Structures are given as structure tokens and as C-alpha cells.
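Read the structure below first, then the notes.
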2 protein chains.
Amino acid sequence: MSEQAFNELPSSRCMDAFGPIGVRMHFAAEEEIYAQEEDADLIYQVLEGAVRTSRLLSDGRRQIGDFYYPGELFGMEPGDKHSFSADALGDCTILAAKRSAVRHCGDQRERLEDLIWKATTQELARTQEHLFVLGRRGACEKVASFLMSAAKRARSDLTPLAMSRQDIADYLGLTIETVSRTLTQLQSDGLVRFAGYRNFQVVRPAGLSRLVAA
Amino acid sequence: MSEQAFNELPSSRCMDAFGPIGVRMHFAAEEEIYAQEEDADLIYQVLEGAVRTSRLLSDGRRQIGDFYYPGELFGMEPGDKHSFSADALGDCTILAAKRSAVRHCGDQRERLEDLIWKATTQELARTQEHLFVLGRRGACEKVASFLMSAAKRARSDLTPLAMSRQDIADYLGLTIETVSRTLTQLQSDGLVRFAGYRNFQVVRPAGLSRLVAA
DNA sequence: CGTTTCTTTGAATCCGGTCAAGGTCCGTGG
DNA sequence: CCACGGACCTTGACCGGATTCAAAGAAACG
């Protein structure tokens with residue numbers, strides 16, 4: 001497991017969102033945080049590391065829902081069961097809080113309910129954006145838009161990728177080979193430059209965003 | 001425009017969800033209810049007819065977000081601007097309410113806030129399901145899952161389709177030709193039978209759902 | 001330094017897209 | 001009531017991009 005590059009970032013110490021009802025937990029790489037169909041009475045915040053949510057099909061195909069980074073909340077679900085599973089991309093620290101505990105939380109209650117509302121609507125926005133990327137085919141467009149949003153999140157010039165090629169493929173609805181070929185092509189077109197498998201920098205932002213097209 | 005088949009359904013008179021702050025409106029087929037980037041201070045409920053939300057790209061491609069039917073709420077948005085536009089699939093009656101009016105709504109307030117919360121989380125669930133369908137490629141799977149969810153919504157044996165082939169294509173991320181070919185194939189495989197362009201019945205439910213694979 | 005795992009590359013195949021007719025349905029007007 | 005016209009849908013032939021299968025190449029790890 002080679003998650004080092006990502007975990008050794010200046011792991012932006014971020015705020016504990018849940019206050020007194022939050023419980024700190026640690027997960028090793030690839031460890032499961034919650035499973036599909038499990039009761040969804042907890043909500044989570046990433047403190048360090050990164051998390052992915054995914055849904056597995058009977059025939060082995062996998063759809064990744066999203067990736068979550070320090071500061072972000074995940075685990076909000078429409079129903080009372082998780083429709084995706086969540087697991088640690090690398091070693092990570094997670095804060096968990098009982099959803100049902102919010103109502104017995106006195107002065108914090110309003111703030112927490114607002115927090116959950118915001119996180120849920122933002123989740124909706126992310127999902128819509130993801131949908132939009134999957135809908136319009138074209139491997140180049142998909143990969144380019146993935147790289148752009150990754151780069152936007154990074155503060156440094158060099159953008160780290162917390163996930164494997166397979167993860168990217170399952171996120172975009174492509175095969176790992178297509179993702180790899182497309183990355184190679186984007187690189188030889190001079191739009192991005194990779195430093196190892198899991199770090200890259202955008203060389204020509206305008207060129208990249210031209211591929212995406214709003 | 002041949003929306004008759006759908007509009008002449010026993011148009012399930014459904015409850016007015018908004019009470020005193022709701023305003024009844026009527027839209028003709030293809031008329032725009034709200035536009036992309038427009039302020040999102042209203043929420044809507046379909047009373048009669050059907051509605052589609054969509055997002056247009058600069059190059060003409062279109063992604064349909066979802067279809068809404070009598071009783072369902074739409075127009076909830078993560079931000080304060082609409083990220084999709086909405087328009088009438090056929091002639092329809094819509095109920096609209098100012099989101100900001102909810103807080104001045106006295107005894108109804110709690111109920112309305114709960115309603116909006118439920119609608120938003122359900123919207124999230126629908127979007128995730130849609131994402132899931134788009135992610136796993138295969139025209140057959142996509143079309144089959146579309147037909148299945150349409151059939152599940154219908155009370156009658158004969159399922160009406162409120163939308164055109166082009167709408168289905170833009171919903172599933174396929175071309176109209178592929179949708180058409182796939183429908184023909186499903187029919188000649190004896191899984192469904194079409195009566196005209198916009199009505200079908202499921203002949204072998206098990207066969208259809210086998211194509212979808214959870 | 002060898003082994004394992006992940007990634008890249010190559011060649012052949014296949015599914016869906018594109019382009020171009022042809023067919024069907026439906027509303028209109030003779 | 002039937003003929004016409006236009007919009008929508010289906011079908012066919014061809015093409016291209018993504019998948020598949022297979023193997024070689026790079027990193028990470030002990």
C-alpha cells in the first residue's frame with residue numbers, strides 16, 4: 001500500500017464538527033467504515049486521510065459514489081440504511097456522531113442540525129455534478145474533469161491523488177486501461193505532467209478545461 | 001404533440017402539499033417552469049401532468065436530471081440558484097410555494113420544513129440511483145432499468161411513458177437510435193410489448209429484472 | 001534484491017455512435 | 001372518410017472509441 005504521498009501532506013488539522021457527541025476513530029487502509037445495507041444512525045467527518053463510498057454489484061462491478069477529504073462530512077443517507085458502503089482509502093482518522101444524539105444536545109442542537117442540512121444538500125450537489133460527468137460520454141472529458149476537480153482541491157501546485165487507477169475508473173464508469181491510456185495521452189499532449197503514479201500538476205489549465213466544456 | 005395518452009390517465013387527484021402559501025399554476029407542453037441559473041426561491045409540486053429537469057451543454061448535449069409526476073416535489077436545490085432547468089413534458093398543473101414563506105407559516109411551519117427535508121433527501125436517493133444506472137454501461141441494462149422503474153410507478157398493467165425517445169436517451173446518456181434499437185430488441189425478446197410509441201406492458205418481469213442486476 | 005502489486009502498453013473485438021433512409025403515427029384539411 | 005403533411009420513431013450500413021485479453025514495465029515493500 002502506497003498511500004504515503006497523500007498522508008504526508010501537511011494534513012490540514014481541521015475542526016471537530018460534532019463537539020461533545022463526536023467520537024474519534026482510526027481506520028487502516030482499505031478498512032471498512034460502514035457496509036451497504038447497514039443502519040445509518042451515524043454521521044462522520046474525515047479528520048485525516050481520505051474515504052471512498054461505493055456500491056458493489058453482484059457481478060463484481062463497482063460504482064464509486066464519491067471521495068471525501070479532511071473536513072468533509074459523509075454518511076448522510078436518504079433512508080435509514082446505507083445504500084453505499086464506505087471505506088478508508090489510506091490510514092485515516094474519522095470523527096463519528098450518533099445522529100439520534102443531536103436532539104439531546106442542548107445549545108449545540110441548532111448548529112448541528114444546520115450542519116447536517118448543509119452537508120446533505122452539498123451531497124446532493126456533488127452527486128448531481130457526478131451524474132453530469134457520467135452522462136456525457138467521452139473518456140477524455142471524464143478524466144479531464146476528474147483531474148480538474150482534484151487540482152482545484154489541492155493548495156499546492158502538485159496535486160496528490162489519494163486513490164488508485166481502479167478507483168478512478170470505477171468512479172468514472174470506465175475501465176482501468178482506458179483511464180491509464182487517457183492519462184498518458186493528456187500527458188503527451190502537454191496538458192498535465194505526472195510525478196509518479198499519484199501526483200500530477202496541471203501544465204495548461206486552459207487546455208484541460210477546454211476538454212470539459214460546461 | 002401527442003401527450004394525450006398520458007394526460008388522459010385517471011389523473012390521480014393528489015393532495016395540495018403547501019397549504020395557504022401554495023399557488024396553482026398551469027404550463028403548456030414544453031413550457032419552461034424555471035431556468036438554469038435562475039434564483040431558486042420556489043419549490044414546486046406536480047399536481048397533474050409531468051415535468052422534466054435538465055441541463056444543457058454549450059455543444060447542444062443535454063442531460064436530463066429526472067422526471068416528476070403528480071404528488072412529487074421538485075425544485076429543491078443545493079444552492080440558491082437552480083443548477084438544472086425544469087419544463088413541462090405535457091400540459092400540466094403545478095403548485096408553487098415560496099421557500100422563504102415557510103418560516104412565516106405558523107402552525108404549518110414544522111410540517112412544511114419536514115416536507116422539504118423529506119423531499120430533499122429523497123431527491124438525493126433518486127440521484128444516487130440514477131448515477132448508478134449511468135455508471136454501469138450497457139444500453140440494455142440502462143433501458144431495462146428505466147422501463148422497470150416506469151412500470152413500478154404505474155398502477156395499471158399498461159405503463160404510459162410521458163416522455164419522448166429523445167428524453168429517454170438524454171436521461172440514460174445514450175442516443176435516440178440506441179434507445180430505439182434496444183426497445184425493439186427487448187420487445188422481440190418477448191420481455192415487453194409496446195402499444196404505440198408511448199405505452200407498454202411488461203410481459204416477463206423476471207426476464208427484465210435479470211437484465212438489470214442489483 | 002527479489003517479489004508483489006499496480007500501471008502501462010499493445011492488438012483484436014465489440015458495442016454504441018453517426019449518417020442516411022424509410023416507416024408510423026397523428027392531426028389537419030379536402 | 002380519406003388523403004396529405006409533418007413530427008417522431010425505427011432500421012440499416014458503416015465507423016470509431018472503449019473494452020477485453022494478454023503481456024511487459026514501474027514502484028513499493030520486505
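Letters A, B, ... mirror the listed sequences (proteins, then strands); counts begin at 1. Just so we're clear, the structure is a prediction, and the values are computed from it rather than from any experiment.
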Spacing of [X] atom [atom1] relative to [N] atom [atom2], expressed in whole Å:
{"X": "A:Met163", "N": "C:dC6", "atom1": "CE", "atom2": "C1'", "result": "15 Å"}
{"X": "B:Asp167", "N": "D:dC9", "atom1": "CG", "atom2": "C1'", "result": "13 Å"}
{"X": "B:Gln187", "N": "D:dC9", "atom1": "CD", "atom2": "P", "result": "15 Å"}
{"X": "A:Phe194", "N": "C:dT8", "atom1": "CZ", "atom2": "C1'", "result": "12 Å"}
{"X": "B:Gln185", "N": "D:dT10", "atom1": "CD", "atom2": "P", "result": "14 Å"}
{"X": "A:Leu161", "N": "C:dC6", "atom1": "CG", "atom2": "P", "result": "16 Å"}
{"X": "A:Asp59", "N": "D:dT20", "atom1": "CG", "atom2": "P", "result": "11 Å"}
{"X": "A:Ile176", "N": "D:dG25", "atom1": "CD1", "atom2": "C1'", "result": "14 Å"}

**Asked** Could you give the angle between the helix axes at the two ends of the helix from C:dC1-D:dG30 to C:dG30-D:dC1, with five pairs per end, rounded to 10 degrees?
**Response**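 It comes to 30° between the two terminal axes.
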
- Task: Check whether any side-chain nitrogen or oxygen of A:Arg198 sits under 4.0 Å from OP1 or OP2 of D:dA28, and answer yes or no.
- Result: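 Checking A:Arg198 against D:dA28: no side-chain N or O falls below 4.0 Å of OP1 or OP2.
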
Kindly write out the residues that satisfy side chain to side chain donor-acceptor pair (under 3.5 Å) with [X], not counting sequence neighbours, or none if the list is empty.
{"X": "B:Lys98", "result": "none"}
{"X": "B:Gln166", "result": "B:Asp170"}
{"X": "B:Asp167", "result": "B:Arg52, B:Arg62, B:Ser164"}
{"X": "A:Gln63", "result": "none"}

Dump the pairs, protein N or O against N or O of nucleotides 12-14 of chain C, anything under 3.5 Å, distances to one decimal.
none

Mind checking salt bridge (Lys or Arg N to Asp or Glu O under 4.0 Å) for B:Asp59 and listing every partner two or more places apart, or none if nothing turns up?
->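 B:Arg61.
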
inquiry  = Among residues at least two apart in sequence or on other chains, which ones pass salt bridge (Lys or Arg N to Asp or Glu O under 4.0 Å) with B:Asp189?
reply    =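 Checked B:Asp189 against salt bridge (Lys or Arg N to Asp or Glu O under 4.0 Å); zero matches.
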
Inset, instruction - With sequence neighbours excluded, tell me which residues meet ring pair (Phe, Tyr, Trp, His ring centres under 6.0 Å) with B:Phe200. - result: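 Scan of B:Phe200 (ring pair (Phe, Tyr, Trp, His ring centres under 6.0 Å), adjacent residues dropped) gives B:Phe194.
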
Using ring pair (Phe, Tyr, Trp, His ring centres under 6.0 Å) as the criterion, list what pairs up with A:Phe146, not counting sequence neighbours.
->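 For A:Phe146, the residues satisfying ring pair (Phe, Tyr, Trp, His ring centres under 6.0 Å) (neighbours in sequence not counted) are A:Tyr171.
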
Between B:Gln36 and B:Ser85, is the side chain to side chain donor-acceptor pair (under 3.5 Å) condition met? List the steps. CA-CA 4 Å; B:Gln36 216 169 310; B:Ser85 66; 4.9 Å; no

With B for base contact, S for sugar-phosphate-only contact and - for none (protein heavy atoms under 4.0 Å), nucleotides 13-19 of chain D reads B----SB

message: By the salt bridge (charged side-chain N to carboxylate O under 4.0 Å, His left out) test, which pairs, at least two apart or in different chains, include something from residues 116-125 of chain A?
response: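 Of all non-adjacent pairs touching residues 116-125 of chain A, those that pass salt bridge (charged side-chain N to carboxylate O under 4.0 Å, His left out) are A:Asp114-A:Lys118.
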
message = Classify A:Thr184 by what it touches in the nucleic acid, base, sugar-phosphate, or nothing, heavy-atom distance under 4.0 Å.
response =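 The residue A:Thr184 makes sugar-phosphate contact but no base contact.
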
Checklist line | Salt-bridge criterion met for A:Arg126 and A:Glu72 (N-O under 4.0 Å) | finding: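 A:Glu72 and A:Arg126: salt-bridged.
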
